[in-house]
Amino acid sequence: MVAHEREFAALEIARYDLRVDLVAAERRVRVGARVLFANRGSRPIERVGVLLPAGVRIGSVHTGPLDHLWNEEAVGLGGFRATYVVVLGFPPIGPGDERAIDFDYEFSAAAPTLSSRLEPTDGYLLAESLWVPTLRTPLSEVGMERAPCALEVTLPEPLVPLGLADFEPAGGEGGRRTWRGSTAFPFSPFLVYGEYARSRDADRRVEVCTLAGSPVPERGLEFTTDCAAELRSTYERWFGAVDLLTTKVIAVRRHGGSWGAPGCLLIDDGLLPREAWEELRANGLLAHELAHTWWGSSVAMHGGAGYLHEGLANWCSAEADAMRYGPAARESRYEGWLVRYARGKPLRSPLGKLSILKEPEYGRGAYLVGAHFYRALAERAGAEPFVNLLREFYAEHAFESADLDDLRRSARRRFGGRLDDLFEDWIDSRRASDALHRRGRAMVEERTAYWRARAPAPSEALRADVAARLERAREALRGAAGGLSPAGGRDAALREALDPINAMPGVQVTVVDAKCDLAYHVQIQSGNVRGHRDLLGASVYGSIVEAGTTAGTIANFDFMNEDLRAARENAIAWTALPDLGLWLVVEGHEWRAIEGPAGDT
């Protein structure tokens, strides 16, 4: 494997020319990609591979007039399925030579897949499609040298392309428009397309793009715009400026996910803040993804020594939380990662041996343990000297790959041997990660025991609100009784009657049947909810259905927040609807924080 990696470590992308055509009537995306591969090493490169997620099909591969066949191999990448395609009959690329290869492929615009990456052993292309279809063809991820990229995208109106490139319309007809753009930033020519509304700051340095039909309140847009501008300013002050005119936040439907290309963040639109209590979470998310402009993009921290740019992005997000919300927010973030780590088994290998091909070990190590490693370095070195170390590291390795041994060498130059033991404990051995796991287990046990010993006592105001909404919901359903009886119309009748009464996240109305299958839920969830249990292990809805009474009230704790310092305290009231075989449940939620000595855990 080492020799194999060395052989391909010299493979670079010298240029992209990419054509994308969305055939809306057939729900297909057709792609033509001419990629100029360059050999910067001393040995011939005889293989070029293509990585394609499920649903993407190669149509043809050719170099000039010569068509090539290919082999396909199913691979698993971090839990995702993909096809690895190796081009056959490929003329070798000699040392110092460049060779253009044309790829034609297509995929369905309706079938979503998730992005994945290979370790840096081959050159490849990657196409991905999301619910809002996305296409990207990244660099080999061996190095992040600047590779000029020209893009031509044809879409049905009113869809527009967004991405690293700034697109301009270049003609069109028959309800279709062609857009052209270019970029030389060292990353994939990432683009996403759809129907978007745009919001910009006064200086036009930040652009927030949201999907039409999914409005974000003005306060949420202002927060996102201000936060992204502040974060970019901070990171450029810390690590160094980047040659990107605009920071883009593109909100898509990605089911809780996010992804950070350089200065271009792809985020589930449901994660943009709509209420004040969501802003802390959004701040950390934006901070993490924007940090990838430097760590994971400009400096590609890949290779056999581990993929720890995710941990460094998490360190950045914790610092950003502290700057905006105070030191307690930073501590809460680290304790949340510690809790998630402690709920699983300790790492089986040191951080320096992690591989993205081995999930969930990689994810838990890179995101959760990696952040604590960087925190340990910052605490030992001092906050400002650590940031100066990162700035020096960025200046030395920008637009190329680096690994943890490169970071260790930079630390030695600046600090001598002061940080050697930390690298040995975290990167070369499991000593630090094992100790972290033991500390996390003790914290989880202590804080869980604290909440299990507390008696829930929701406020009288919340109890009164729950009782009033229960009565309103019961009256609404009496008026809709006729529409509830036919099986086909029950869902619509429940929604029409109950949607106006719900006010998440404070109070919610739910309807279940005798099996605890959901008949109505404010978030349009479905399925059985018997498994939803409180902190004492009791089934919340199961205890209601099996209570043997037609109405009642309970109070409980059913969730703890990420750092376990607060629990959700609930006031619940219900009534049976015997004629329909349903139970109407109204829940009110408050959060109670740890009090007294336990708060110093």
Side-chain angles (χ1 to χ4, degrees), residues 199 201 206 208 210 214 216-235 238 247 249-251 254-260 265-293 310-341 367-368 370-372 374-375 378 383 440 443 447 451 503-506 523 557-569 589-595 599-601:
S199 175
D201 68 338
V206 172
V208 181
T210 54
S214 299
V216 176
E218 191 64 29
R219 171 174 177 156
L221 291 175
E222 289 179 0
F223 173 86
T224 303
T225 302
D226 293 345
C227 183
E230 180 181 310
L231 287 168
R232 174 166 177 173
S233 176
T234 297
Y235 289 164
W238 285 358
T247 298
V249 180
I250 306 173
R254 196 167 184 168
H255 304 290
S258 59
W259 183 67
L265 317 183
L266 191 69
I267 293 176
D268 184 340
D269 62 351
L271 298 178
L272 295 185
R274 287 162 170 78
E275 300 185 45
W277 64 275
E278 297 175 304
E279 290 178 358
L280 174 59
R281 178 191 64 184
N283 182 76
L285 177 68
L286 293 168
H288 176 102
E289 300 301 350
L290 187 57
H292 283 316
T293 300
E310 297 292 356
L312 189 49
N314 266 355
W315 178 85
C316 290
S317 71
E319 293 303 303
D321 283 349
M323 286 188 296
R324 183 176 280 265
Y325 299 103
R330 177 202 291 125
E331 192 61 33
S332 176
R333 189 72 70 181
Y334 278 106
E335 289 184 349
W337 295 326
L338 180 56
V339 167
R340 288 168 57 193
Y341 178 49
Y367 287 89
L368 307 179
H372 285 271
Y374 289 114
R375 184 186 201 186
M443 188 179 76
R447 294 187 183 176
W451 289 113
M504 287 288 287
Q523 295 173 330
F557 294 110
D558 68 343
F559 290 125
M560 293 178 284
N561 69 348
E562 284 196 351
D563 63 8
L564 312 186
R565 287 183 176 270
R568 195 172 79 168
E569 190 172 33
H589 312 307
E590 294 175 329
W591 285 91
R592 187 199 292 188
I594 284 178
E595 301 172 358
D600 300 325
T601 299

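For the numbers below, each heavy atom of this structure counts, side chains included, while hydrogens, waters and symmetry mates do not.
Nearest heavy-atom pair, A320 versus A287, reported as atom, atom and distance to 0.1 Å: CB-CB, 3.6 Å. Of all heavy-atom pairs spanning A228 and L290, the tightest one is O-CD2, 3.9 Å. The two residues Y235 and S317 come nearest to each other via the heavy atoms OH-N, 4.3 Å. Shortest non-hydrogen contact noted between W591 and M560 is CZ3-C, 4.1 Å. In terms of heavy-atom proximity, A567 sits nearest to F557 at CB-CD2, 3.8 Å. Nearest heavy-atom pair across I267 and S258 is CG1-CB, 4.1 Å.
Legend: residues meeting salt bridge (Lys or Arg N to Asp or Glu O under 4.0 Å) with R232, ordered by chain and number and at least two apart, are E236. Take S332 and apply the side chain to side chain contact (heavy atoms under 4.5 Å, CB included) test, not counting sequence neighbours, and it matches D563. Judged as a side-chain hydrogen bond (donor to acceptor under 3.5 Å, both in side chains), and not counting sequence neighbours, R340 has no contacts. By the side-chain hydrogen bond (donor to acceptor under 3.5 Å, both in side chains) test, H288 pairs with H292, E310, N314, sequence neighbours left out. With sequence neighbours left out, the salt bridge (Lys or Arg N to Asp or Glu O under 4.0 Å) criterion links E590 to no other residue. For R330, the side-chain hydrogen bond (donor to acceptor under 3.5 Å, both in side chains) partners two or more places apart in sequence, or in a different chain, are E319. Taking the ring pair (Phe, Tyr, Trp, His ring centres under 6.0 Å) definition, one finds that F223 meets it with nothing, sequence neighbours left out. By the salt bridge (Lys or Arg N to Asp or Glu O under 4.0 Å) test, E222 pairs with no residue at all, sequence neighbours left out. Applying the salt bridge (Lys or Arg N to Asp or Glu O under 4.0 Å) test to D558 and every residue at least two apart in sequence or in another chain returns R568. For E218, there are no side-chain hydrogen bond (donor to acceptor under 3.5 Å, both in side chains) partners, not counting sequence neighbours.
M443 has its side chain within reach of V339: a pair of non-hydrogen atoms, C-beta onward, lies under 4.5 Å apart. Within the 4.5 Å cutoff, the side chain of V216 has no heavy atoms near those of the D269 side chain. E335 has its side chain within reach of R565: a pair of non-hydrogen atoms, C-beta onward, lies under 4.5 Å apart.
Within the model, atoms NE2 of H372 and OH of Y334 stand 7.5 Å from one another, a figure rounded to the nearest 0.5 Å. With values rounded to the nearest 0.5 angstrom, W451 atom CH2 is found 14.5 Å from F559 atom CZ. Distance CG/L338 to CG/L368: 9.0 Å, rounded to 0.5 Å. We find the CG-CD distance between L564 and E562 to be 9.5 Å, quoted to the nearest 0.5 Å. Note that CG of L231 and OG1 of T247 are 9.5 Å apart. Values are rounded to the nearest 0.5 Å.
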Without placing hydrogens or testing angles, list every side-chain donor-acceptor pair under 3.5 Å for residues 277-286, not counting sequence neighbours.
unit_1, atom_1, unit_2, atom_2, d
W277, NE1, E275, OE1, 3.3
E278, OE1, R274, N, 2.8
E278, OE1, E275, N, 3.0
E279, OE2, R219, NE, 3.0
E279, OE2, R219, NH2, 3.3
N283, OD1, R324, NE, 3.2
N283, ND2, D321, OD1, 2.8

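For the salt bridge (Lys or Arg N to Asp or Glu O under 4.0 Å) condition, no pair includes a residue of residues 282-291, sequence neighbours left out.
Side-chain atoms of D201 never come within 3.5 Å of backbone atoms of T225 as a donor-acceptor pair (strictly under, hydrogens ignored). Side chain of Y367 to backbone of W337: no donor-acceptor contact under 3.5 angstrom is found. The main-chain N or O of G220 is found under 3.5 Å from a side-chain atom of T224 such that the two form a donor-acceptor pair.
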